[in-house]
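Before any comments, here is the structure.
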Amino acid sequence: MADYDYDVLVIGAGPGGYVAAIRAAQLGLKTACAEGRETLGGTCLNVGCIPSKALLHASEYFEAAKGGAMAAMGIKVTPELDLPTMQGQRKDAVKGLTGGIEFLFKKNKIDWLKGYAQFKDAHSVEVAGKTVTAKNIVIATGSSVTPLPGVEIDNAGGVVVDSTGALELASVPKKMVVIGGGVIGLELGSVWRRLGAEVTVVEYLDQLLPGMDGEVRREAGKIFKKQGMVLKLGTKVTGVTVEGKTAKVTVEPAKGGDAEVIEADVVLVSIGRRPNTEGLGLDKIGLELNQRAQIETDHDFATKVDGVWAIGDVIPGPMLAHKAEDEGIAVAENIAGLTGIVNHDVIPGVVYTQPEFAGVGLTEEAAKERGAIKVGKFPMLANSRAKTNHEPDGFVKVIADAETDRVLGVWCIASVAGTMIGQAAQAMEFGATSEDIAYTCHAHPTHSEAIKEAAMAVLGKPIHI
Ligand code: FAD
Ligand code: NAI
């Protein structure tokens with residue numbers, strides 16, 4: 001390398017960026033990664049996947065103890081919530097994992113450029129007042145919360161908060177209103193409901209969890225309602241006012257109608273996320289955004305500007321950590337002259353509530369639009385392990401092409417659906433038919449047997465129903 005400081009400079013150290021940097025270094029490329037946050041790991045490790053799962057896991061134990069699920073198995077306890085300790089273990093999880101990335105950077109001799117990077121031209125950026133050049137620059141700047149017009153988020157105030165504020169509440173709200181019945185709203189709404197809050201979810205659409213299979217979405221509505229959440233579907237928020245420590249949320253039917261005011265001591269705004277492209281100086285390299293303010297790339301993650309690549313939440317596709325990670329590996333391999341590919345048709349998605357909601361591939365609705373299909377379903381109630389564990393909710397659904405039997409999509413609602421969906425993704429990646437899954441020996445007794453039985457149902461012959 002003659003003229004550049006680095007072969008590869010990655011902007012952003014989230015799951016996309018830090019993985020790209022590590023793979024590039026592993027492939028022998030001189031690599032740097034610019035990150036403005038005080039710790040590495042991006043949204044996911046600092047304020048996203050990891051801290052939310054730390055609270056979901058702990059609050060699940062609390063509810064199992066308080067709600068009688070443990071007593072039903074002969075374990076009688078009267079739990080007392082120690083929120084500072086629960087929050088402490090969340091912080092420890094984040095500290096351990098973000099520190100782990102710092103260790104991996106050192107191990108792989110990746111230079112962490114501390115600060116926010118801005119393009120000067122296609123091969124140079126300014127970070128903390130210093131100009132750094134690279135033959136290849138990977139934009140992995142991630143995403144931030146989409147604001148709701150007219151609603152001011154104030155995480156420090158603790159009344160109207162986004163996901164970051166909702167992770168850090170110092171006390172359990174009595175009443176919480178969640179604006180947006182998507183993944184964040186249901187995960188973090190579940191945390192605080194389990195710990196004692198009365199939670200109302202206001203969702204603009206007629207069902208929760210847009211993007212998931214229609215039957216899964218309808219079932220999600222029933223399950224969260226049964227768990228005690230108040231769901232206001234087909235409802236829009238027209239304003240939020242804060243007086244002292246109380247918020248007044250004005251809502252009305254999305255199709256028009258009478259307004260209603262809901263009082264809450266915490267309002268969580270979770271109506272989606274948008275790509276981080278502002279302040280990057282993209283105008284200086286002539287890189288334009290699409291209508292959704294995302295950076296478009298080709299199949300190799302190259303942008304229209306030579307030497308500039310992009311991955312993760314900042315490009316189109318689901319905003320998921322594992323998608324960003326896989327793109328990080330692929331982009332580094334492409335830069336190194338290898339063939340890095342991500343199959344965007346097989347990206348699993350999981351909502352880590354209890355039960356978990358997971359899916360991969362096409363929804364039944366999308367598969368029907370594509371052509372003739374066969375569908376097999378199996379209820380978790382008929383799965384021996386789920387039944388024994390007192391986990392009756394949910395089902396597995398396998399969708400296959402009517403002619404070729406190739407699996408097009410798998411949807412699971414189960415206590416461990418997030419783990420189960422991995423085998424479905426692998427089967428689809430290998431081009432499996434439902435018959436392939438049905439005739440694969442699954443360990444007994446496991447929740448995964450429900451996937452086998454749903455595949456058998458596609459063929460018309462499940463055993464246990
Ligand atoms: P990010 O993780 O957003 O990282 C981008 C990084 O770039 C940031 O650290 C930012 O500081 C830095 N940056 C931005 N601009 C610059 C600049 N100019 N210079 C230097 N650095 C810059 N996904 C899942 O798959 N599973 C989950 O369970 C899950 N849970 C989530 C829970 C919550 C509450 C949230 C908010 C998100 C969750 N996600 C989850 C989504 C996941 O966090 C994102 O999809 C993932 O982090 C995207 O990775 P990324 O590398 O593209 O960007
Ligand atoms: P989301 O897109 O999942 O859900 C937002 C919801 O808000 C939608 O249901 C939408 O219809 C609704 N909405 C939009 N505007 C509204 C309004 N004005 N009033 C009422 N409802 C409104 O977005 P969310 O939950 O904010 O999450 C952002 C991203 O983070 C997601 O794309 C997801 O991929 C990622 N994430 C992933 C997790 C996981 O994988 N387990 C966990 C948390 C976040």
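Atoms within each ligand, like the ligands themselves, are counted from 1 in listed order. Hydrogens, waters and symmetry mates are skipped; everything else that's a heavy atom, side chains included, is used.
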### Region of A324 that comes within reach of ligand 1 [heavy atoms, distance under 4.0 Å]
side chain
### Message
Run the side-chain contact (heavy atoms from CB on, under 4.5 Å) test on I421 and W411 for me, step by step, so that the C-alpha distance in whole Å, both residues' side-chain angles and the decisive distance to 0.1 Å come before the verdict.
### Response
CA-CA 8 Å; I421 208 68; W411 296 89; over 6 Å; no
### Query
Under 30°, 30 to 60°, or over 60°: which ring-plane class applies to Y4 and H123, parallel, tilted or perpendicular?
tilted
#### Entry: Proximity of R273 to ligand 1 by residue part, where a heavy atom lies under 4.0 Å
side chain
### Query
Purely on distance, is any nitrogen or oxygen of G16 under 3.5 Å from one on ligand 1?
yes
### Protein heavy atom at shortest distance from atom 41 (C) of ligand 1
M319 O, 3.6 Å
### Task
Please state whether V127 comes within less than 4.0 angstrom of ligand 1, counting heavy atoms only.
no
### Message
Between N276 and S144, is there a side-chain donor-acceptor contact under 3.5 Å, judged purely by atom types and distance?
### Response
yes
### Task
Look at ligand 1 and say whether G115 reaches it with a heavy atom at a distance under 4.0 Å.
yes
### Query
Got the closest protein heavy atom to atom 16 (C) of ligand 1, with its distance?
Y116 CD2, 3.5 Å
### Message
Just to be sure I read this right, does ligand 1 sit under 4.0 Å from the backbone of Y352, its side chain, both, or neither, counting only heavy atoms?
### Response
side chain
### Query
L280 to ligand 1: N or O pair under 3.5 Å?
no
#### Entry: F119 six-ring face occupied by K284 cation (under 6.0 Å, within 45°)
no
### Task
Please say whether E187 places an N or O atom under 3.5 Å from an N or O atom belonging to ligand 1.
no
### Close side-chain approach of E296 to K304, heavy-atom, < 4.5 Å
no
### Query
Applying a 4.0 Å heavy-atom criterion (strictly less than), which segment of P15 is in contact with ligand 1: side chain, backbone, both, or neither?
both
### Query
Side chain, backbone, both or neither: which part of T43 comes within less than 4.0 Å of ligand 1 when only heavy atoms are counted?
both
### Message
Can you confirm whether more than 12 heavy atoms, excluding those of K53, are under 6.0 Å from its NZ atom?
### Response
yes
### Query
Which of these passes side chain to side chain contact (heavy atoms under 4.5 Å, CB included) with I311: V19, V331, I295?
V331
### Message
Tell me whether ligand 1 is touched by K53 - counting only heavy atoms on the residue side and a distance under 4.0 Å.
### Response
yes
#### Entry: N or O contact, D313 vs ligand 1, cut-off under 3.5 Å
yes
#### Entry: Structural part of S143 in contact with ligand 1, heavy atom criterion under 4.0 angstrom
backbone
### Message
Starting from atom 15 (N) of ligand 1, what is the nearest protein heavy atom, named by residue and atom, and what distance separates them?
### Response
T141 CG2, 3.4 Å
### Query
atom 7 (O) of ligand 1: which protein heavy atom is closest, and how many Å away?
G12 CA, 3.2 Å
### Summary
atom 18 (N) of ligand 1: closest protein heavy atom, distance to 0.1 Å, is A117 O, 3.0 Å
### Summary
heavy-atom search around atom 24 (C) of ligand 1 in the protein gives A321 N, 3.5 Å
### Query
Within a radius of less than 6.0 Å around CD of E288, do more than 12 heavy atoms belonging to other residues, nucleotides or ligands occur?
no
## Note on the structure
Among non-hydrogen protein atoms, atom 40 (C) of ligand 1 lies closest to C49 SG, 3.3 Å
### Task
Please report which non-hydrogen protein atom sits nearest to atom 10 (C) of ligand 1, along with the residue it belongs to and the distance in Å to one decimal place.
E35 OE2, 3.5 Å
### Query
Just heavy atoms, cut-off under 4.0 Å: does T164 contact ligand 1 by side chain, backbone, both, or neither?
neither
What does the contact table look like for ligand 2 (nitrogen or oxygen on each side, cut-off under 3.5 Å)?
| unit_1 | atom_1 | unit_2 | atom_2 | d |
| --- | --- | --- | --- | --- |
| ligand 2 | 3 (O) | V183 | N | 3.3 |
| ligand 2 | 9 (O) | E203 | OE1 | 2.5 |
| ligand 2 | 9 (O) | E203 | OE2 | 3.2 |
| ligand 2 | 11 (O) | E203 | OE2 | 2.6 |
| ligand 2 | 21 (N) | Y204 | N | 3.2 |
| ligand 2 | 23 (O) | G272 | N | 3.4 |
| ligand 2 | 25 (O) | V183 | N | 3.3 |
| ligand 2 | 25 (O) | I184 | N | 2.9 |
| ligand 2 | 26 (O) | G272 | N | 2.9 |
| ligand 2 | 34 (O) | M319 | O | 2.9 |
| ligand 2 | 40 (O) | V350 | O | 3.4 |
| ligand 2 | 41 (N) | E187 | OE2 | 2.9 |
| ligand 2 | 41 (N) | V350 | O | 2.7 |

### Task
For ligand 1, find out whether one of its N or O atoms is nearer than 3.5 Å to an N or O atom of L320.
yes
